[in-house]
*Asks:* 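So that we are looking at the same thing, I have put the structure below in structure tokens.
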Amino acid sequence: MLAVLAAVTPAVPSFTPVTPAAANPATDPQTPPPGTLRVVLLSDDGTAAGPDVLVAPGGGPGDQDARLAAVVRDLEADRPRWVWHDTTRWYPRLLAAGVRVERCHDLRLARRILRASAWTARSAWAAQEPGPWDALEPLLPDAVPATPAPDALFDIDVPRDVPAELDPVAELRAQLDVLATASGEPGASARLRLLVAAESAGALVAAEIRHAGLPWDAAVHDAILTDALGPRPRLGVRPARLEALAVRIRDALDAPDLNPDSAPHLLRALGYAGVPVTSTRQWELESVDHPVVAPLLEYKKLYRLYTANGWSWLDAWVHDGRFRPDYVVGGVVTGRWATSGGGALQLPHGVRRAVVADPGWVLVVADAAQLEPRVLAGLAHDERMARAGRGGDLYQGMVDAGAVATRDEAKIGVLGAMYGGTTGQSAVLRPRLAAAYPDAVALVDAAARTGEAGDVVTTRLGRTSPRPGDEWQASQSGAFDESATAADESRARTTTRAWGRFTRNFVVQGTAAEWALCWLATLRGRLHALAPADAAGAAPAPFGRTPHLVYFLHDEVVVHAPAALADDVAAVLRESAAEAGRLLFGAFGVDFPVTVATVESYADAK
DNA sequence: TCCAGGGGCGCG
DNA sequence: AAAGCGCGCCCCTGGA
């Protein structure tokens with residue numbers, strides 16, 4: 001069953017006339033008042049399946065939320081797939097009202113996938129000019145206070161954020177049609193359906209992670225900072241350790257006015273002092289023997305900690321013992337998640353010490369081992385590469401099979417093949433890799449050639465790469481013009497190859513992101529099933545004492561769980577990884593082992 | 001005074 | 001050691 005949380009009559013009557021697009025005169029003889037929420041019940045094929053459920057507006061603050069929550073909780077018994085414009089606009093409020101849903105169809109995210117997929121490209125719907133649905137952006141959590149002021153007007157007001165003409169029922173039916181007629185690969189429809197479901201589940205997970213929050217001990221974080229930088233300074237003053245290092249740097253370079261935060265200034269000062277570098281990058285400085293190098297490298301390290309994850313970050317992002325990441329599902333072209341603030345995906349290892357489970361709880365940390373090479377083996381149906389990864393370390397498996405001499409070589413060779421490395425050791429290893437794993441190498445090489453030709457590539461489940469942009473077009477036409485110079489041609493070649501490296505990597509990174517979504521989706525369901533009989537407890541509703549996801553990082557997750565359930569959670573993490581592999585690659589036998597660690601602090605996971 | 005772009009570095 | 005891919009965030013700079 002599909003339940004479209006949808007035809008919402010405007011909460012602001014003056015905003016637009018009250019003419020709900022999905023109003024059905026047969027069941028609604030009277031137009032409901034402004035601010036009414038409507039749940040449209042449909043069968044899986046999109047046909048009507050029952051009378052609409054209306055949620056009246058009004059009452060005190062939060063009253064309508066509470067009524068909606070009751071309606072949703074009721075309907076959950078029938079396990080509907082909730083269909084809505086956009087998870088970021090609905091789900092945080094349902095969670096705040098204590099309600100979890102099992103599954104959803106996020107029309108905004110699904111549309112982005114389906115409009116761009118090579119498997120739906122022949123449909124008229126995909127060919128339409130961009131419209132208001134395409135302009136719909138996710139709602140940043142900053143715009144929705146987690147805890148609204150008690151006297152705030154708290155009606156659900158989607159029309160303020162979503163143009164009223166965006167009829168979710170019509171959009172859903174269009175998407176179901178396009179899904180049914182997808183073609184271009186065996187099972188194209190089923191794969192795209194899986195992708196839409198997984199992407200939508202990801203949207204639920206992202207909202208739930210933000211709702212629950214990553215347990216964060218601000219005192220531990222402050223101790224890390226004080227230990228590294230000295231006591232917290234007044235606003236606008238360098239911490240003591242940084243200032244002391246700045247003095248040493250100025251002395252070593254004989255540059256009393258040097259501001260080490262300015263790269264150009266620093267580079268000039270290095271030049272005057274006779275330090276042979278062309279940049280101030282860490283790796284270049286490390287190759288130089290000069291008294292300035294040690295304090296400068298130390299300064300850069302601490303400066304980064306201070307600016308990116310210092311006291312200001314702590315003030316801005318950690319409240320009530322929780323860091324709430326602003327994930328942006330599908331925010332990266334390849335389908336990976338991005339973040340819109342707080343830098344949750346760049347959490348330095350050095351501050352992970354501050355991620356500490358609640359008393360009586362543990363963090364169960366899981367990491368998919370060599371995810372991308374395994375995905376490549378599955379994509380290419382490369383039996384030998386799959387065999388190398390069976391059971392254990394894929395790189396060591398390659399050594400044991402005699403393909404390369406050392407684990408390090410295996411890693412460099414594989415990464416080089418996936419990223420398009422053309423220099424150094426990865427270039428040297430290339431022929432050996434191609435000889436041992438011809439199918440895998442052929443797949444990424446073909447993806448690169450497709451990109452170089454200006455064409456698109458597609459992941460296992462149907463996410464399709466963007467077309468090359470203006471720069472690529474310009475360099476192509478420029479290079480073949482009569483007046484083209486050698487420099488034009490060289491620039492065109494550089495641009496073309498860069499795009500080839502992008503499409504080469506897109507198929508692997510994008511399919512790995514799909515694997516991760518399937519992992520999350522399965523995990524989410526199975527963790528919920530571990531709920532103890534009395535689930536009320538430490539975590540905010542609807543989690544209570546149920547293990548739940550609190551962090552995600554491309555191929556790694558952190559689950560916050562009551563200590564007694566740690567082993568069950570570990571088992572679920574492994575089973576879910578295996579299930580994700582089956583969802584993507586069916587019976588083709590490629591293993592997806594995960595390393596699991598049960599810890600008090602995230603820093604102890606590795 | 002504002003903002004785009006570059007340098008640099010954190011993560012996978 | 002980085003390289004080859006994908007990001008976000010910080011600061012500074014220089015032009016409008």
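So you know, we letter chains A, B, ... as the sequences are listed, proteins then strands, and number each from 1.
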*Asks:* Can you tell me which nucleotide in dC12(C), dG10(B), dC5(C) comes closest to the side chain of Asp261(A)?
*Replies:* dC12(C)
*Asks:* Measure OH/Tyr327(A) against P/dC11(B) and give the value in whole Å, please.
*Replies:* 15 Å
*Asks:* Salt-bridge test for Arg463(A) and Glu199(A): reply yes if a basic N is under 4.0 Å from a carboxylate O, no otherwise.
*Replies:* yes
*Asks:* Find every protein N or O atom lying less than 3.5 Å from an N or O atom of nucleotides 13-16 of chain C, and list the pairs.
*Replies:*
| unit_1 | atom_1 | unit_2 | atom_2 | d |
| --- | --- | --- | --- | --- |
| dT13(C) | OP1 | Ser262(A) | OG | 2.8 |

*Asks:* Is any NZ, NE, NH1 or NH2 atom of the basic residue among Glu298(A) and Arg304(A) found under 4.0 Å from an Asp or Glu carboxylate oxygen of the other?
*Replies:* no
*Asks:* Among residues 298-311 of chain A, which residues get a heavy atom nearer than 4.0 Å to DNA chain C?
*Replies:*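 The answer is Tyr303(A), Arg304(A), Thr307(A).
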*Asks:* Just checking Arg497(A): does its CZ atom have more than 12 heavy atoms from other residues, nucleotides or ligands closer to it than 6.0 angstrom?
*Replies:* no
*Asks:* Over how many whole Å does the gap from Trp337(A) atom CH2 to dG8(C) atom C1' extend?
*Replies:* 16 Å
*Asks:* Where along residues 220-258 of chain A does a heavy atom fall under 4.0 Å from DNA chain C?
*Replies:* none
*Asks:* Among residues 406-434 of chain A, which contact DNA chain B at a heavy-atom distance under 4.0 Å?
*Replies:*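 The stretch gives none, as no residue of it lies under 4.0 Å from the strand.
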*Asks:* Check this for me: does any side-chain nitrogen of one of Arg449(A) and Glu452(A) sit under 4.0 Å from a carboxylate oxygen of the other?
*Replies:* no
*Asks:* Glycosidic conformation of dG4(C), syn or anti, with 90° from 0 as the boundary?
*Replies:*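 What dG4(C) shows is a syn base, its glycosidic angle lying within 90° of 0.
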*Asks:* Across the strands shown, which category fits Val333(A) at heavy-atom distances under 4.0 angstrom: base, sugar-phosphate, nothing?
*Replies:*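 If one applies the 4.0 Å heavy-atom cut-off, Val333(A) turns out to touch the sugar-phosphate alone, with no base involved.
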*Asks:* Using a strict threshold of under 4.0 Å (side-chain N to carboxylate O), is an ion pair present between Lys606(A) and Asp367(A)?
*Replies:* yes
*Asks:* Contact class for Gly341(A) (heavy atom, under 4.0 Å): base, sugar-phosphate, or nothing?
*Replies:* sugar-phosphate
*Asks:* For Arg501(A), report the nucleic acid contact type (base, sugar-phosphate, nothing); a contact means any heavy atom under 4.0 Å.
*Replies:* sugar-phosphate
*Asks:* Could you state the CG-C1' distance from Leu345(A) to dG10(B), rounded to the nearest angstrom?
*Replies:* 11 Å
*Asks:* Dot-bracket for DNA chain B: what is it, with Watson-Crick or G-U pairs under 3.5 Å, [ ] where a pair crosses earlier ones, and | for a pair to another strand?
*Replies:* ||||||||||||
*Asks:* May I ask you to decide if the ring planes of Trp216(A) and Trp313(A) are parallel, tilted or perpendicular, using 30° and 60° as cut-offs?
*Replies:* tilted
*Asks:* How many whole angstroms separate atom NE2 of His554(A) from atom P of dG12(B)?
*Replies:* 8 Å
*Asks:* Does anything in residues 435-450 of chain A come within less than 4.0 Å of DNA chain B? Heavy atoms only, and list the residues if so.
*Replies:* none
*Asks:* Check each residue of residues 273-291 of chain A for a non-hydrogen atom within less than 4.0 Å of any atom in DNA chain B, then write out the ones that pass by number, or none.
*Replies:*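 DNA chain B contact set from residues 273-291 of chain A: Ser279(A), Thr280(A), Arg281(A), Gln282(A).
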*Asks:* What are the two closest heavy atoms between Leu296(A) and Leu266(A), and how far apart are they?
*Replies:* CD1-CD2, 3.8 Å
*Asks:* Could you tell me the separation between the CZ atom of Arg497(A) and the P atom of dA3(C), rounded to a whole number of Å?
*Replies:* 19 Å
*Asks:* At their closest point, which heavy atom of Gly392(A) faces which heavy atom of Pro593(A), and how far apart are they?
*Replies:*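 That closest heavy-atom pairing would be O-CG, 4.1 Å.
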*Asks:* I need the Leu285(A) CG to His290(A) NE2 distance, nearest 0.5 Å.
*Replies:*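 With rounding to 0.5 Å, CG (Leu285(A)) is 11.0 Å from NE2 (His290(A)).
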*Asks:* Just jot down the side chain to side chain contact (heavy atoms under 4.5 Å, CB included) partners of Ala417(A), sequence neighbours excluded, or say none.
*Replies:*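 Testing Ala417(A) for side chain to side chain contact (heavy atoms under 4.5 Å, CB included), a comparison that skips the adjacent residues, returns Arg430(A), Leu433(A).
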*Asks:* If you take the centroid of each ring, where Trp contributes its six-membered ring, are Tyr551(A) and Tyr602(A) closer together than 6.0 Å?
*Replies:*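 Aromatic pair counts; centres sit under 6.0 Å.
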*Asks:* Are Arg111(A) and Asp134(A) close enough for a salt bridge, meaning some N to O gap below 4.0 Å?
*Replies:*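 Yes.
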*Asks:* Does Asp439(A) reach the side chain of His381(A), with side-chain heavy atoms less than 4.5 Å apart?
*Replies:*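 No. Closest side-chain heavy atoms not under 4.5 Å.
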*Asks:* Just checking Phe552(A) against Trp519(A), ring centres under 6.0 Å apart?
*Replies:* no
*Asks:* With sequence neighbours excluded, what pairs up with Ala207(A) under the side chain to side chain contact (heavy atoms under 4.5 Å, CB included) test?
*Replies:* Tyr91(A), Leu95(A)
*Asks:* Write out all pairs satisfying side-chain hydrogen bond (donor to acceptor under 3.5 Å, both in side chains) with one or both partners inside residues 242-255 of chain A, taking only residues at least two apart or from two chains.
*Replies:*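 Listed by first then second residue: Arg238(A)-Glu243(A).
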*Asks:* Using atom CG of Leu296(A) as one end and atom C1' of dG8(B) as the other, report the distance to the nearest whole Å.
*Replies:* 12 Å
*Asks:* Find the distance Glu452(A):CD to dC5(C):C1' and express it as a whole number of Å.
*Replies:*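 My rounded result for the distance is 15 Å.
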*Asks:* Determine whether any donor atom in the side chain of Arg336(A) lies under 3.5 Å from an acceptor atom in the base of dG12(B), or the reverse, and answer yes or no.
*Replies:*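 Yes.
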*Asks:* Counting only heavy atoms not in Asp320(A), do more than 12 sit closer than 6.0 Å to its CG atom?
*Replies:* no
*Asks:* Do Leu520(A) and Trp337(A) have side chains that approach each other closer than 4.5 Å (heavy atoms only, starting at C-beta)?
*Replies:* yes
*Asks:* Side chains of residues 507-517 of chain A: which donor-acceptor pairs under 3.5 Å do they make with residues two or more places apart or in other chains?
*Replies:*
| unit_1 | atom_1 | unit_2 | atom_2 | d |
| --- | --- | --- | --- | --- |
| Gln509(A) | OE1 | Thr334(A) | OG1 | 2.7 |
| Gln509(A) | NE2 | Asn505(A) | OD1 | 3.1 |
| Thr511(A) | OG1 | Arg460(A) | N | 3.2 |
| Thr511(A) | OG1 | Val507(A) | O | 2.6 |
| Glu514(A) | OE1 | Thr459(A) | OG1 | 3.4 |
| Glu514(A) | OE1 | Leu461(A) | N | 3.1 |
| Glu514(A) | OE2 | Thr459(A) | OG1 | 2.5 |

*Asks:* Working to the nearest 0.5 Å, report the span between NE2 of His221(A) and CG of Leu314(A).
*Replies:*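 Those atoms lie 5.0 Å apart.
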*Asks:* For Ser312(A), enumerate each residue passing the side chain to side chain contact (heavy atoms under 4.5 Å, CB included) test, keeping only those at least two apart in sequence or located in another chain.
*Replies:* none
*Asks:* In whole Å, what is the span from the CG atom of Leu267(A) to the P atom of dG6(B)?
*Replies:*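 Checked: the CG to P distance equals 17 Å.
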*Asks:* Testing Val355(A), Leu363(A), Ile209(A), Leu553(A) for side chain to side chain contact (heavy atoms under 4.5 Å, CB included) with Val558(A), which one passes?
*Replies:* Leu363(A)
